[in-house]
Amino acid sequence: MSQLRLNPLTGRWVTIVAERAGRPTDFAPRAADIEADPSRPCPFCPGNEEATPPALERLDEGGQWKMRVLPNLYPAFYGDEPFSVHHLGPVHVEAEASGIHEVFVYSRDHDSGLHDLTDADAADLMRMLQRRFREHAQSPNLRFTQAIINHGREAGASLAHPHGQLLGLPFVPGEVLEEQRGFNRFEGGCIMCTTVEAELVDSKRVVFATALVLCICPFWSGSPFELMIIPRSHDLHLTDSDDATLAAVGIAIRDAISHLRAAVGDVSFNLVVRTAPHNYTGAFHWHVNIWPKLVTTAGFERGTGVLINIVPPESAAERLRSVAVSA
């Protein structure tokens, strides 16, 4: 059983999951391929469905699956126990890491990626996420769901086949709580809506804009070529957005990755969908973050939490705008 352990210095939870150390790629040398054994059949490829648990949800097209959501074989969060804190002494506090951990295989093609999605694929990806978020919100022990895509070994991917993960948590993570406080502190309305307006006027950090979505290198970028995708409609949760907005965000994700690949190559990256906690009704505006893994987080950043960015977001956006991206 996974454990949550509280860091009393920061007030943030750490997840201890010894079972995940048994994954084939864990502790492999940094230069190694993602798969520790490239000859091993990919469990996410068509024809190898028996290598994974039965799908929790799937989208079919032409008599075969197009996308599917699976239970993670090495879950960081598992079980439906209510969140219960246990004090083991004056400073040691733990809780059961109950929750949900799923794998979202969003393509049949082992060698494709987000940049290869058609408009319809991109819309379907976001609609599948919306359905999973709604399903998670029905679980009484889940307070927050995090959707992520890790691309490349440096970003934490354990398999090359295009996939993401959904993690339903029994608590609201510290990063999300900090963003909630940021929304609450801002006195000019919604901080994201105001950011959209300000960036469109300034235009220096805008990579591209559509009627429904803005893609920028944020003013406060902490790493080179950091990207943020903001729906222009004010919705707290991804589940609140209509089909048109979801499709536009999916297409923007594809196009943002295409710009990134054209500018700096097939770099590893982390993509995070940041939405309000389940049943939360306060100030928030859901968005998508993309963090390319172009630099290493070193001791100063770890010790202080202060990031050092060697590429100003204005320069990054200018380069991303200038590259040719196939339609």
Side-chain angles (χ1 to χ4, degrees), residues 56-57 59 67 69 99-100 102 104 106 114 117 119-149 164-200 208-216 218 227-256 271-290:
L56 299 166
E57 185 168 350
L59 176 65
M67 300 179 179
V69 177
I100 297 174
E102 301 169 347
F104 177 21
Y106 60 82
L114 288 170
L117 297 177
D119 286 3
D121 294 337
D124 284 337
L125 182 150
M126 296 305 298
R127 293 187 189 111
M128 283 283 279
L129 286 181
Q130 185 183 63
R131 288 198 290 274
R132 296 315 300 164
F133 273 72
R134 285 175 173 165
E135 180 75 17
H136 285 201
Q138 300 304 310
S139 298
N141 68 314
L142 299 185
R143 295 188 60 196
F144 178 78
T145 294
Q146 181 68 80
I148 62 172
I149 294 176
Q165 300 180 61
L166 293 102
L167 298 97
L169 311 181
F171 64 98
V172 179
E175 286 287 330
V176 180
L177 291 173
E178 286 190 7
E179 287 201 3
Q180 286 179 278
R181 287 191 283 267
F183 277 98
N184 290 328
R185 284 194 304 267
F186 190 71
E187 298 180 352
C190 170
I191 192 170
M192 281 295 172
C193 292
T194 305
T195 295
V196 168
E197 295 172 1
E199 293 296 349
L200 287 172
F208 59 83
T210 72
L212 297 176
V213 174
L214 182 69
C215 177
I216 62 173
L227 290 160
M228 177 179 283
I229 296 169
I230 310 172
R232 294 174 74 166
S233 62
H234 178 73
D235 296 316
L236 275 67
H237 305 87
L238 180 150
T239 52
D240 299 329
S241 291
D242 59 25
D243 279 352
T245 295
L246 289 175
V249 171
I251 292 168
I253 289 172
R254 178 204 58 199
D255 292 348
L271 183 149
V272 171
V273 178
R274 181 79 85 221
T275 184
H278 303 310
N279 305 314
Y280 179 73
T281 59
F284 209 85
H285 185 138
W286 79 274
H287 51 282
V288 178
N289 296 105
I290 300 171

| task | Start with the C-alpha gap between Tyr280 and His237, add the side-chain angles, then the distance that decides, and say whether side-chain contact (heavy atoms from CB on, under 4.5 Å) holds. | result | CA-CA 9 Å; Tyr280 179 73; His237 305 87; 4.2 Å; yes
| side-chain contact (heavy atoms from CB on, under 4.5 Å) between Arg232 and Thr210, intermediate numbers included | CA-CA 9 Å; Arg232 294 174 74 166; Thr210 72; 5.7 Å; no
May I ask you to test the [X]-[Y] pair for a side-chain heavy-atom distance under 4.5 Å?
{"X": "Cys215", "Y": "Leu227", "answer": "yes"}
{"X": "Asp121", "Y": "Tyr106", "answer": "no"}
{"X": "Leu117", "Y": "Ile253", "answer": "no"}
{"X": "Ile148", "Y": "Leu167", "answer": "yes"}
{"X": "Thr195", "Y": "Ile216", "answer": "yes"}
{"X": "Thr239", "Y": "Gln130", "answer": "yes"}
{"X": "Met228", "Y": "Met192", "answer": "yes"}
{"X": "His285", "Y": "Ile191", "answer": "no"}

Do you know which two heavy atoms are closest between [X] and [Y], and how far apart they sit?
{"X": "His278", "Y": "Thr145", "answer": "NE2-OG1, 2.8 Å"}
{"X": "Val249", "Y": "Pro231", "answer": "CG2-CG, 3.9 Å"}
{"X": "Gln146", "Y": "Val273", "answer": "NE2-O, 2.7 Å"}
{"X": "His234", "Y": "Cys193", "answer": "ND1-SG, 3.6 Å"}
{"X": "Leu129", "Y": "Leu238", "answer": "C-CD2, 4.3 Å"}
{"X": "Ser241", "Y": "Trp286", "answer": "OG-NE1, 2.8 Å"}

| Does the pair Met128 and Phe104 meet the rule for a side-chain contact (heavy atoms from CB on, under 4.5 Å), with working shown? | CA-CA 9 Å; Met128 283 283 279; Phe104 177 21; 3.6 Å; yes
Nearest 0.5 Å, please: how far is [atom2] in [Y] from [atom1] in [X]?
{"X": "Glu178", "Y": "Gln180", "atom1": "CD", "atom2": "CD", "value": "11.0 Å"}
{"X": "Leu271", "Y": "Ile229", "atom1": "CG", "atom2": "CD1", "value": "7.0 Å"}
{"X": "Glu135", "Y": "Ile100", "atom1": "CD", "atom2": "CD1", "value": "7.5 Å"}
{"X": "Glu179", "Y": "Phe284", "atom1": "CD", "atom2": "CZ", "value": "5.0 Å"}
{"X": "Asp255", "Y": "Leu114", "atom1": "CG", "atom2": "CG", "value": "11.0 Å"}
{"X": "His136", "Y": "Glu102", "atom1": "NE2", "atom2": "CD", "value": "3.5 Å"}

| query | Which of these passes side chain to side chain contact (heavy atoms under 4.5 Å, CB included) with Pro277: Val176, Leu236, Leu169? | reply | Val176
